[in-house]
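Contents: one structure, followed by commentary.
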Amino acid sequence: MTISAGAPVVVGVDGSTVGLDAVRVAAREAAQRRRPLRVVHAFIWPLMGVSGRPAPGAPVGGGLRHQAERYVVEAVAEAGKVAPEVPVTGAVVDGEAATVMLAASRQAALVVLGHRGLGGFAGLLIGSVTVQVTSRALCPVLVVRGEPRADGPVVVGVDGSELSRAAVGFAFEEAAYRDVPLVAVHAWRYPTPLGSGDFVPLTYDVDAYGDEVGRVLAESVAGYAERYPQVAVRHRPVRGTAAHALTEESKSAQLMVVGAHGRGALGGLVLGSVSHAVLHHAHAPLAVIRQAAGRP
Ligand SMILES: Nc1ncnc2c1ncn2[C@@H]1O[C@H](COP(=O)(O)OP(=O)(O)OP(=O)(O)O)[C@@H](O)[C@H]1O
Ligand SMILES: [Mg+2]
């Protein structure tokens, strides 16, 4: 998918403080990308036959629809404080939240959501809207948790797959915007096939395989490193599971980037196990990339 030049950054709000954290991040992203920002609140009540307008005799400004409009007004004002130069629009859109945000992802350059919202239960790590949108969006999705740290590198997970190349491209772009280094992590435990028909040895030399991992990392970043010479890149091969390695790296990162699925893609509609684990457990904001990129 190609993203059109005027495509906005879209942020979903639900009146929660996490949603407002997402607005601030989205406003900064829009400023960096020189794109407009669109604030969306999905309003589910008409789907249930409830208009949400104030009942006769109720206070002016009461009712669910006015409340929904206030969420959007508050979010637009917050965006204006963070990035006054960014053109911002806001809308209450009738519909279920994930459906509305997925539809918005068709025309968006980036969708930004909080990791949680107003609902859910105390121990819930990721809200249902965020899980559905990161699983099926048609553009990159940035999941925000709290006010992100301003220090630390951008970290990208690399596995040699198409989507991880796209993730590397997104991560370079972000590292350049933010003027910070990029750390490319490739976790490995034993040789795995890179493509169909690849031969995987039954016994192998650990050091030689470690060198091979280094080659995958170098190849994954090579073209982008030429395009973004200002970004310092560190290659980090890690022996262990990818989910654990990336979660650990996220502790010191200001942004984590992964492809939606890796080499074990099943159908392409859902999140791979590593992306799923990192979505739930990363300590930094997480960008999930679903579209393959052309080579740089
Ligand atoms: N009605 C909505 N309209 C637009 N965006 C929404 C809406 N509801 C949630 N979001 C976005 O999704 C993020 C996560 O909210 P989500 O609803 O997934 O979690 P939750 O409310 O904690 O749990 P639950 O799955 O029980 O609703 C919010 O921070 C916000 O960015
Ligand atoms: Mg919710």
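Since we're looking at a predicted model, the values are computed, not measured. Atoms within each ligand, like the ligands themselves, are counted from 1 in listed order.
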Quiz item: Which residues satisfy the side-chain hydrogen bond (donor to acceptor under 3.5 Å, both in side chains) test with S128, sequence neighbours excluded?
Solution: none
Quiz item: To the nearest 0.5 Å, what is the distance between CG (L113) and OG (S105)?
Solution: 10.0 Å
Quiz item: Do R33 and E173 come within less than 4.5 Å of each other through their side chains, counting heavy atoms only?
Solution: yes
Self-check item: Within the 4.0 Å heavy-atom sphere of ligand 1, strictly under, residues
Solution: G12, V13, D14, G19, V40, H41, A42, A97, L113, G114, R116, G117, L118, G119, G120, L124, G127, S128, V129, T130
Quiz prompt | Pairs flagged by ring pair (Phe, Tyr, Trp, His ring centres under 6.0 Å) wherever residues 67-110 is involved - sequence neighbours left out | solution = H41-Y71
Exercise. Decide yes or no on salt bridge (charged side-chain N to carboxylate O under 4.0 Å, His left out) for R116 and D21, but give the supporting numbers first.
Key: CA-CA 11 Å; R116 285 285 314 274; D21 292 334; over 6 Å; no
Practice problem: Using the test ring-ring contact (aromatic ring centres under 6.0 Å, His included), find all partners of H235 that sit at least two apart in sequence or belong to another chain. | Solution: none
